Amino acid sequence: MKTITILGSTGSVGSQTADVAASRKGDVRVLGISFNKNVKLAEEQARRLDVKIAVGADEKAAGELKVKLADTGIKVLYGKGSIEELAAHKVDRVFNSITGCAGLPATLAALNAGNMLALANKESLVSAGSLVMEAAKKSGASILPVDSEHTAIHECLRAGKKSEVKKLILTASGGPFFGKSKEELEKVTPGMALKHPNWSMGSKITIDSATLMNKGFEIVEAAYLYGMNRSKIDVVVHRESIIHSMVEYIDNTVIAQMSLPDMRHSSEYALDYPDRLASVTRALDLTALSGLTFAKPDKEAFPMLELGYDILKYGQGYGAAVNAANETAVWRFIRGEIGFLDIYKTVKSVLDTLGDYLLNVNSLDKIYEIESEAAKIAGK
(Lines give C-alpha, C1' and ligand atoms only; values in the text may rest on other atoms or scores of the structure.)
Protein backbone atom coordinates (compact mmCIF):
# COMPACT_ATOMS: atom_id res chain seq x y z
CA MET A 1 0.00 0.00 0.00
CA LYS A 2 1.41 3.38 -1.07
CA THR A 3 0.25 6.58 0.59
CA ILE A 4 0.28 9.71 -1.53
CA THR A 5 -0.69 13.38 -1.45
CA ILE A 6 -1.93 15.24 -4.52
CA LEU A 7 -1.30 18.99 -4.57
CA GLY A 8 -3.27 20.87 -7.20
CA SER A 9 -5.67 17.95 -7.52
CA THR A 10 -8.37 19.84 -9.45
CA GLY A 11 -6.03 21.01 -12.21
CA SER A 12 -5.41 19.10 -15.43
CA VAL A 13 -2.47 16.94 -14.28
CA GLY A 14 -3.75 16.70 -10.71
CA SER A 15 -7.18 15.41 -11.76
CA GLN A 16 -5.57 12.81 -14.02
CA THR A 17 -3.33 11.73 -11.14
CA ALA A 18 -6.45 11.41 -8.99
CA ASP A 19 -7.98 9.15 -11.67
CA VAL A 20 -4.86 6.96 -11.65
CA ALA A 21 -4.94 6.76 -7.84
CA ALA A 22 -8.62 5.75 -7.96
CA SER A 23 -7.76 2.99 -10.45
CA ARG A 24 -5.19 1.65 -7.96
CA LYS A 25 -7.65 1.56 -5.03
CA GLY A 26 -6.55 -1.15 -2.63
CA ASP A 27 -2.91 -0.45 -3.49
CA VAL A 28 -2.90 3.35 -3.11
CA ARG A 29 -4.23 5.51 -0.30
CA VAL A 30 -4.58 9.29 -0.75
CA LEU A 31 -3.85 11.12 2.50
CA GLY A 32 -4.77 14.56 1.25
CA ILE A 33 -5.44 16.90 -1.65
CA SER A 34 -5.01 20.61 -2.19
CA PHE A 35 -7.34 22.40 -4.58
CA ASN A 36 -7.94 25.84 -6.03
CA LYS A 37 -11.49 27.01 -6.78
CA ASN A 38 -13.23 23.98 -8.29
CA VAL A 39 -15.22 22.98 -5.20
CA LYS A 40 -17.45 20.53 -7.07
CA LEU A 41 -14.50 18.49 -8.34
CA ALA A 42 -12.67 18.75 -5.00
CA GLU A 43 -15.71 17.30 -3.20
CA GLU A 44 -15.99 14.47 -5.73
CA GLN A 45 -12.28 13.65 -5.36
CA ALA A 46 -12.33 13.86 -1.56
CA ARG A 47 -15.20 11.37 -1.36
CA ARG A 48 -14.01 9.05 -4.14
CA LEU A 49 -10.45 8.87 -2.79
CA ASP A 50 -11.53 8.85 0.87
CA VAL A 51 -8.95 11.49 1.81
CA LYS A 52 -8.25 12.63 5.36
CA ILE A 53 -7.31 16.25 4.56
CA ALA A 54 -8.36 18.77 1.89
CA VAL A 55 -6.58 22.13 1.73
CA GLY A 56 -8.02 25.07 -0.17
CA ALA A 57 -5.81 27.67 -1.78
CA ASP A 58 -8.79 30.01 -1.69
CA GLU A 59 -10.59 30.87 1.58
CA LYS A 60 -14.05 31.06 -0.01
CA ALA A 61 -13.63 27.70 -1.77
CA ALA A 62 -12.36 26.06 1.42
CA GLY A 63 -15.39 27.34 3.30
CA GLU A 64 -17.78 25.97 0.66
CA LEU A 65 -16.06 22.57 0.67
CA LYS A 66 -16.20 22.39 4.46
CA VAL A 67 -20.00 22.73 4.32
CA LYS A 68 -20.30 20.11 1.56
CA LEU A 69 -18.15 17.60 3.48
CA ALA A 70 -19.81 18.22 6.85
CA ASP A 71 -21.17 14.65 6.86
CA THR A 72 -17.63 13.22 6.66
CA GLY A 73 -14.61 13.24 8.94
CA ILE A 74 -12.46 14.99 6.30
CA LYS A 75 -10.54 17.99 7.62
CA VAL A 76 -10.82 21.03 5.34
CA LEU A 77 -8.05 23.55 5.95
CA TYR A 78 -7.07 26.96 4.66
CA GLY A 79 -4.47 29.52 5.61
CA LYS A 80 -0.86 30.52 5.19
CA GLY A 81 1.41 27.50 5.21
CA SER A 82 -1.43 24.93 5.04
CA ILE A 83 -0.40 23.53 1.65
CA GLU A 84 3.25 23.36 2.73
CA GLU A 85 2.17 21.58 5.93
CA LEU A 86 0.27 19.01 3.84
CA ALA A 87 3.30 18.58 1.55
CA ALA A 88 5.49 17.88 4.59
CA HIS A 89 3.25 15.06 5.90
CA LYS A 90 5.22 11.80 5.64
CA VAL A 91 3.93 9.81 2.66
CA ASP A 92 5.39 7.60 -0.07
CA ARG A 93 4.87 10.21 -2.82
CA VAL A 94 3.92 13.87 -2.91
CA PHE A 95 2.51 14.79 -6.31
CA ASN A 96 2.99 18.53 -6.88
CA SER A 97 0.66 19.56 -9.71
CA ILE A 98 0.19 23.18 -8.61
CA THR A 99 0.39 25.58 -11.54
CA GLY A 100 2.98 28.35 -11.76
CA CYS A 101 5.15 30.14 -9.20
CA ALA A 102 2.83 29.10 -6.36
CA GLY A 103 4.17 25.54 -6.52
CA LEU A 104 7.71 26.29 -5.28
CA PRO A 105 7.04 26.46 -1.50
CA ALA A 106 5.26 23.08 -1.61
CA THR A 107 8.15 21.54 -3.58
CA LEU A 108 10.65 22.65 -0.95
CA ALA A 109 8.37 21.60 1.93
CA ALA A 110 8.02 18.08 0.52
CA LEU A 111 11.76 17.69 -0.12
CA ASN A 112 12.80 19.17 3.23
CA ALA A 113 10.55 16.59 4.91
CA GLY A 114 12.34 13.82 2.99
CA ASN A 115 9.31 12.91 0.87
CA MET A 116 9.76 11.47 -2.61
CA LEU A 117 8.48 14.20 -4.92
CA ALA A 118 6.53 13.48 -8.10
CA LEU A 119 6.97 16.85 -9.77
CA ALA A 120 4.59 18.29 -12.36
CA ASN A 121 5.29 21.89 -11.29
CA LYS A 122 8.22 22.62 -13.62
CA GLU A 123 8.30 26.25 -12.45
CA SER A 124 9.94 25.06 -9.20
CA LEU A 125 13.07 24.04 -11.12
CA VAL A 126 12.92 27.05 -13.43
CA SER A 127 12.84 29.57 -10.55
CA ALA A 128 14.99 27.79 -8.01
CA GLY A 129 16.61 24.75 -9.59
CA SER A 130 19.82 24.91 -7.56
CA LEU A 131 17.98 25.34 -4.26
CA VAL A 132 15.50 22.56 -5.09
CA MET A 133 18.23 20.07 -5.96
CA GLU A 134 20.20 21.13 -2.87
CA ALA A 135 17.13 20.44 -0.67
CA ALA A 136 16.70 17.01 -2.26
CA LYS A 137 20.36 16.15 -1.71
CA LYS A 138 20.31 17.34 1.90
CA SER A 139 17.24 15.30 2.88
CA GLY A 140 18.01 12.31 0.64
CA ALA A 141 14.66 12.71 -1.14
CA SER A 142 14.36 11.82 -4.81
CA ILE A 143 12.43 13.60 -7.56
CA LEU A 144 10.39 11.81 -10.21
CA PRO A 145 9.06 13.84 -13.16
CA VAL A 146 5.34 13.94 -13.95
CA ASP A 147 5.71 15.25 -17.46
CA SER A 148 5.60 13.28 -20.71
CA GLU A 149 9.02 14.44 -21.91
CA HIS A 150 10.90 13.94 -18.67
CA THR A 151 9.15 10.69 -17.87
CA ALA A 152 10.34 9.53 -21.29
CA ILE A 153 13.92 10.69 -20.59
CA HIS A 154 13.81 8.94 -17.19
CA GLU A 155 12.73 5.71 -18.88
CA CYS A 156 15.31 5.98 -21.69
CA LEU A 157 18.14 6.60 -19.21
CA ARG A 158 17.49 3.16 -17.72
CA ALA A 159 19.10 1.76 -20.88
CA GLY A 160 22.63 2.96 -20.08
CA LYS A 161 25.01 4.79 -17.74
CA LYS A 162 25.09 8.57 -17.41
CA SER A 163 28.69 8.55 -18.65
CA GLU A 164 27.44 6.93 -21.88
CA VAL A 165 24.91 9.68 -22.67
CA LYS A 166 25.72 11.88 -25.64
CA LYS A 167 22.55 13.94 -25.77
CA LEU A 168 19.03 14.31 -24.35
CA ILE A 169 16.51 14.99 -27.11
CA LEU A 170 13.24 16.60 -26.00
CA THR A 171 10.39 16.35 -28.46
CA ALA A 172 7.96 19.23 -28.99
CA SER A 173 4.61 19.04 -30.74
CA GLY A 174 5.22 22.55 -32.07
CA GLY A 175 1.84 23.62 -30.67
CA PRO A 176 -1.05 24.90 -32.80
CA PHE A 177 1.09 27.38 -34.76
CA PHE A 178 3.90 25.24 -36.13
CA GLY A 179 5.08 26.64 -39.48
CA LYS A 180 3.50 30.08 -38.91
CA SER A 181 5.51 33.23 -39.57
CA LYS A 182 5.85 36.13 -37.13
CA GLU A 183 3.42 38.12 -39.27
CA GLU A 184 0.82 35.36 -38.99
CA LEU A 185 1.38 35.09 -35.23
CA GLU A 186 0.43 38.77 -34.85
CA LYS A 187 -3.19 37.75 -35.50
CA VAL A 188 -3.36 34.90 -32.96
CA THR A 189 -6.23 35.09 -30.46
CA PRO A 190 -6.50 33.36 -27.05
CA GLY A 191 -9.15 31.02 -28.48
CA MET A 192 -6.78 29.92 -31.25
CA ALA A 193 -3.86 29.45 -28.84
CA LEU A 194 -5.89 27.33 -26.43
CA LYS A 195 -6.60 24.67 -29.09
CA HIS A 196 -3.66 22.29 -28.73
CA PRO A 197 -3.55 19.68 -31.51
CA ASN A 198 -2.57 16.68 -29.34
CA TRP A 199 -2.81 17.31 -25.60
CA SER A 200 -5.58 18.21 -23.16
CA MET A 201 -3.99 20.54 -20.61
CA GLY A 202 -4.72 23.55 -18.42
CA SER A 203 -4.93 27.06 -19.94
CA LYS A 204 -1.54 28.35 -18.79
CA ILE A 205 0.50 25.35 -19.95
CA THR A 206 -1.42 25.26 -23.25
CA ILE A 207 -0.38 28.85 -24.00
CA ASP A 208 3.19 28.02 -22.92
CA SER A 209 3.10 25.16 -25.41
CA ALA A 210 1.91 27.52 -28.16
CA THR A 211 4.81 29.97 -27.52
CA LEU A 212 7.30 27.09 -26.93
CA MET A 213 8.03 28.57 -23.48
CA ASN A 214 6.97 25.22 -22.07
CA LYS A 215 9.77 23.54 -24.03
CA GLY A 216 12.20 26.21 -22.82
CA PHE A 217 11.22 25.35 -19.25
CA GLU A 218 11.71 21.65 -20.01
CA ILE A 219 15.28 22.34 -21.12
CA VAL A 220 15.92 23.76 -17.63
CA GLU A 221 14.18 20.80 -15.98
CA ALA A 222 16.27 18.31 -17.93
CA ALA A 223 19.51 20.01 -16.92
CA TYR A 224 18.66 19.89 -13.21
CA LEU A 225 16.89 16.53 -13.06
CA TYR A 226 19.57 14.65 -14.96
CA GLY A 227 22.67 16.74 -14.22
CA MET A 228 23.25 17.61 -17.87
CA ASN A 229 25.02 20.62 -19.36
CA ARG A 230 22.81 22.74 -21.61
CA SER A 231 25.02 21.82 -24.59
CA LYS A 232 23.82 18.21 -24.22
CA ILE A 233 20.12 19.06 -24.44
CA ASP A 234 18.40 19.36 -27.82
CA VAL A 235 14.83 19.96 -29.00
CA VAL A 236 13.14 18.56 -32.11
CA VAL A 237 9.60 19.17 -33.30
CA HIS A 238 7.64 15.92 -33.54
CA ARG A 239 4.10 16.79 -34.56
CA GLU A 240 2.52 13.43 -33.81
CA SER A 241 3.45 13.43 -30.06
CA ILE A 242 4.02 9.67 -30.15
CA ILE A 243 7.73 9.73 -29.28
CA HIS A 244 7.83 11.68 -26.03
CA SER A 245 11.60 12.15 -25.90
CA MET A 246 14.83 10.31 -26.68
CA VAL A 247 18.34 9.72 -25.36
CA GLU A 248 21.27 9.47 -27.74
CA TYR A 249 24.20 7.43 -26.42
CA ILE A 250 27.89 7.75 -27.32
CA ASP A 251 27.66 4.74 -29.65
CA ASN A 252 25.18 6.80 -31.75
CA THR A 253 22.20 4.64 -30.82
CA VAL A 254 19.02 6.49 -29.91
CA ILE A 255 16.56 5.11 -27.34
CA ALA A 256 13.02 6.51 -27.67
CA GLN A 257 9.94 6.19 -25.50
CA MET A 258 6.65 5.88 -27.39
CA SER A 259 3.02 5.96 -26.27
CA LEU A 260 -0.21 7.74 -27.08
CA PRO A 261 -0.36 11.36 -25.82
CA ASP A 262 -1.97 10.87 -22.40
CA MET A 263 -0.63 12.54 -19.26
CA ARG A 264 -1.92 9.69 -17.12
CA HIS A 265 1.05 7.61 -18.27
CA SER A 266 3.41 10.04 -16.50
CA SER A 267 1.34 9.88 -13.31
CA GLU A 268 1.33 6.08 -13.45
CA TYR A 269 5.08 5.93 -13.99
CA ALA A 270 5.78 8.22 -11.02
CA LEU A 271 3.32 6.32 -8.82
CA ASP A 272 4.46 2.79 -9.71
CA TYR A 273 8.22 3.36 -10.10
CA PRO A 274 10.42 1.31 -9.98
CA ASP A 275 7.72 -1.22 -10.95
CA ARG A 276 5.35 -1.22 -13.91
CA LEU A 277 1.65 -2.01 -13.55
CA ALA A 278 -1.19 -2.34 -16.04
CA SER A 279 -2.21 1.07 -17.39
CA VAL A 280 -5.53 2.91 -17.54
CA THR A 281 -4.34 4.45 -20.85
CA ARG A 282 -4.96 3.01 -24.32
CA ALA A 283 -2.28 0.89 -25.96
CA LEU A 284 -0.32 2.24 -28.93
CA ASP A 285 -1.26 0.60 -32.24
CA LEU A 286 1.80 1.03 -34.46
CA THR A 287 -0.08 -0.12 -37.57
CA ALA A 288 -2.51 2.79 -37.14
CA LEU A 289 0.26 5.39 -37.42
CA SER A 290 0.58 7.15 -40.77
CA GLY A 291 4.15 8.24 -40.00
CA LEU A 292 6.50 9.96 -37.57
CA THR A 293 7.99 13.30 -38.59
CA PHE A 294 10.74 15.49 -37.14
CA ALA A 295 11.80 19.11 -37.74
CA LYS A 296 13.98 21.81 -36.24
CA PRO A 297 12.13 24.42 -34.15
CA ASP A 298 11.81 27.92 -35.64
CA LYS A 299 13.64 29.98 -33.00
CA GLU A 300 12.99 33.25 -34.83
CA ALA A 301 9.20 32.89 -34.81
CA PHE A 302 9.25 31.31 -31.33
CA PRO A 303 12.03 33.08 -29.36
CA MET A 304 10.71 31.87 -25.99
CA LEU A 305 12.44 28.53 -26.56
CA GLU A 306 15.91 30.06 -26.35
CA LEU A 307 15.09 31.52 -22.92
CA GLY A 308 15.47 28.00 -21.51
CA TYR A 309 19.14 27.93 -22.50
CA ASP A 310 19.55 31.51 -21.21
CA ILE A 311 18.20 30.52 -17.79
CA LEU A 312 20.85 27.79 -17.54
CA LYS A 313 23.50 30.30 -18.62
CA TYR A 314 22.57 33.12 -16.21
CA GLY A 315 21.18 31.19 -13.23
CA GLN A 316 18.08 30.77 -11.11
CA GLY A 317 17.52 34.51 -10.56
CA TYR A 318 17.10 34.85 -14.30
CA GLY A 319 14.79 31.84 -14.25
CA ALA A 320 12.66 33.35 -11.49
CA ALA A 321 12.20 36.52 -13.54
CA VAL A 322 11.33 34.63 -16.73
CA ASN A 323 8.92 32.40 -14.84
CA ALA A 324 6.99 35.20 -13.11
CA ALA A 325 7.00 37.56 -16.09
CA ASN A 326 5.80 34.82 -18.43
CA GLU A 327 3.03 33.73 -16.06
CA THR A 328 1.74 37.29 -15.74
CA ALA A 329 1.98 37.90 -19.49
CA VAL A 330 0.18 34.65 -20.32
CA TRP A 331 -2.79 35.53 -18.12
CA ARG A 332 -2.87 39.04 -19.60
CA PHE A 333 -2.97 37.46 -23.07
CA ILE A 334 -5.78 35.08 -22.06
CA ARG A 335 -7.75 38.09 -20.76
CA GLY A 336 -7.22 39.87 -24.10
CA GLU A 337 -5.07 42.67 -22.68
CA ILE A 338 -2.02 41.97 -24.86
CA GLY A 339 -1.26 40.15 -28.13
CA PHE A 340 0.38 36.76 -28.60
CA LEU A 341 3.78 38.16 -29.57
CA ASP A 342 3.58 40.62 -26.67
CA ILE A 343 4.15 37.69 -24.29
CA TYR A 344 7.80 37.47 -25.37
CA LYS A 345 8.15 41.27 -25.56
CA THR A 346 6.88 41.52 -21.98
CA VAL A 347 9.30 38.90 -20.66
CA LYS A 348 12.23 40.48 -22.53
CA SER A 349 11.32 43.91 -21.18
CA VAL A 350 11.32 42.57 -17.61
CA LEU A 351 14.73 40.94 -18.11
CA ASP A 352 16.17 44.15 -19.56
CA THR A 353 14.72 46.20 -16.71
CA LEU A 354 16.05 43.98 -13.92
CA GLY A 355 19.43 43.33 -15.58
CA ASP A 356 22.31 42.49 -13.22
CA TYR A 357 19.89 42.28 -10.28
CA LEU A 358 19.14 38.75 -11.53
CA LEU A 359 22.70 37.44 -11.37
CA ASN A 360 24.35 35.40 -8.56
CA VAL A 361 21.07 34.71 -6.74
CA ASN A 362 21.44 32.05 -4.03
CA SER A 363 18.67 32.69 -1.50
CA LEU A 364 15.01 31.81 -1.48
CA ASP A 365 14.04 35.27 -0.22
CA LYS A 366 15.76 36.88 -3.20
CA ILE A 367 13.97 34.51 -5.58
CA TYR A 368 10.58 35.43 -4.12
CA GLU A 369 11.58 39.10 -4.32
CA ILE A 370 12.52 38.74 -8.00
CA GLU A 371 9.29 36.89 -8.80
CA SER A 372 7.24 39.63 -7.15
CA GLU A 373 9.11 42.43 -8.92
CA ALA A 374 9.02 40.65 -12.30
CA ALA A 375 5.27 40.05 -12.02
CA LYS A 376 4.71 43.70 -11.08
CA ILE A 377 6.69 45.00 -14.09
CA ALA A 378 5.00 42.49 -16.44
CA GLY A 379 1.61 43.63 -15.14
CA LYS A 380 2.31 47.11 -16.41
Side-chain angles (χ1 to χ4, degrees), residues 1-36 38 40-55 74 83 86-87 89-99 103 106-107 110 115-122 124 141-156 158 196 198-202 205-206 221 225 241-242 244-245 257-284:
M1 174 72 73
K2 281 178 183 166
T3 304
I4 69 170
T5 295
I6 307 172
L7 308 178
S9 70
T10 53
S12 175
V13 176
S15 60
Q16 291 178 76
T17 301
D19 289 343
V20 170
S23 77
R24 302 279 196 270
K25 215 159 189 180
D27 296 314
V28 174
R29 184 171 70 91
V30 181
L31 170 72
I33 59 173
S34 81
F35 67 100
N36 199 359
N38 192 336
K40 184 179 179 182
L41 181 55
E43 180 191 5
E44 185 273 325
Q45 289 176 342
R47 292 181 184 276
R48 177 166 56 125
L49 299 172
D50 193 25
V51 307
K52 305 300 177 192
I53 305 166
V55 178
I74 299 170
I83 293 176
L86 177 60
H89 267 283
K90 199 62 188 169
V91 290
D92 295 295
R93 302 277 197 283
V94 173
F95 281 79
N96 185 357
S97 311
I98 296 170
T99 301
T107 286
N115 282 323
M116 182 178 282
L117 177 65
L119 186 62
N121 177 262
K122 60 191 63 185
S124 293
S142 54
I143 303 174
L144 289 169
V146 184
D147 183 344
S148 65
E149 292 79 4
H150 293 98
T151 295
I153 294 290
H154 197 279
E155 293 191 69
C156 293
R158 294 168 82 171
H196 195 283
N198 299 334
W199 294 93
S200 174
M201 305 179 289
I205 193 172
T206 302
E221 277 188 284
L225 287 172
S241 295
I242 295 297
H244 299 297
S245 277
Q257 187 264 20
M258 303 170 68
S259 65
L260 290 172
D262 190 326
M263 274 302 300
R264 290 176 297 174
H265 171 75
S266 296
S267 295
E268 287 174 336
Y269 183 81
L271 182 57
D272 301 334
Y273 182 80
D275 302 317
R276 292 183 186 273
L277 300 180
S279 177
V280 298
T281 64
R282 287 191 300 124
L284 175 64

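Values reported hereafter were calculated over all heavy atoms of this structure, with side chains retained and with hydrogens, waters and symmetry mates removed. Computed from a prediction, not measured in an experiment: that's the story for all the values here.
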Query - Audit row: Val146, Ser97, side-chain contact (heavy atoms from CB on, under 4.5 Å) steps and yes/no - result: CA-CA 8 Å; Val146 184; Ser97 311; 5.8 Å; no
Can you check whether [Y]'s main-chain N or O pairs, donor with acceptor, with [X]'s side chain at less than 3.5 Å?
{"X": "Asn121", "Y": "Asn96", "value": "no"}
{"X": "Lys2", "Y": "Leu271", "value": "yes"}
{"X": "Asn115", "Y": "Val91", "value": "yes"}

How far does [atom1] of [X] sit from [atom2] of [Y], to the nearest 0.5 angstrom?
{"X": "Ile98", "Y": "Thr107", "atom1": "CD1", "atom2": "OG1", "answer": "7.5 Å"}
{"X": "Met263", "Y": "Gln16", "atom1": "CE", "atom2": "CD", "answer": "6.5 Å"}
{"X": "Cys156", "Y": "His150", "atom1": "SG", "atom2": "NE2", "answer": "12.0 Å"}
{"X": "Asp147", "Y": "Ser245", "atom1": "CG", "atom2": "OG", "answer": "8.5 Å"}
{"X": "Asp50", "Y": "Lys25", "atom1": "CG", "atom2": "NZ", "answer": "6.0 Å"}

Report task. Please report the C-alpha distance between Leu86 and Ile53 in whole Å, then the side-chain angles of each, then the deciding distance to 0.1 Å, and finally whether the side-chain contact (heavy atoms from CB on, under 4.5 Å) criterion is met. Result -> CA-CA 8 Å; Leu86 177 60; Ile53 305 166; 4.2 Å; yes
**Report entry** Sequence neighbours excluded - side chain to side chain donor-acceptor pair (under 3.5 Å) pairs with any residue from residues 264-274
**Finding:**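 Every side chain to side chain donor-acceptor pair (under 3.5 Å) pair that includes a residue of residues 264-274, provided the two are not neighbours, is Thr17-Ser267, Arg24-Asp272, Thr151-Ser266, His154-Tyr269, Glu155-His265, Arg158-Tyr269, Gln257-His265, Asp262-Arg264, Glu268-Ser279.
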Query raised in the report: Going by an N to O cut-off under 4.0 Å, is there a salt bridge joining Lys40 and Glu44?
Result: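 Here Lys40 does not pair with Glu44 in a salt bridge, since their nearest N and O are not under 4.0 Å apart.
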Note, [X] side chain near [Y] side chain (heavy atom, < 4.5 Å):
{"X": "Leu225", "Y": "Pro145", "value": "yes"}
{"X": "Leu144", "Y": "Leu117", "value": "no"}
{"X": "Ile205", "Y": "Ser12", "value": "no"}
{"X": "Val94", "Y": "Leu7", "value": "yes"}
{"X": "Lys52", "Y": "Ile33", "value": "no"}

Quick one: closest heavy-atom pair of [X] and [Y], and the distance?
{"X": "Ile83", "Y": "Ser34", "result": "CG1-CB, 4.2 Å"}
{"X": "Leu31", "Y": "His89", "result": "CD2-CB, 3.6 Å"}
{"X": "Ile74", "Y": "Val51", "result": "CG1-O, 3.2 Å"}
{"X": "Ser259", "Y": "His244", "result": "O-NE2, 2.7 Å"}
{"X": "Ser124", "Y": "Leu119", "result": "OG-CD1, 4.3 Å"}
{"X": "Ala21", "Y": "Ile4", "result": "CB-CD1, 4.1 Å"}

Query raised in the report: What pairs with Ser9 under side-chain hydrogen bond (donor to acceptor under 3.5 Å, both in side chains), at least two apart in sequence or on another chain?
Result: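 Ser9: side-chain hydrogen bond (donor to acceptor under 3.5 Å, both in side chains) contacts with Gln45.
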Report task. Please assess Ile242 against Leu260 for the test side-chain contact (heavy atoms from CB on, under 4.5 Å), listing each intermediate value before the final yes or no. Result -> CA-CA 6 Å; Ile242 295 297; Leu260 290 172; 4.1 Å; yes
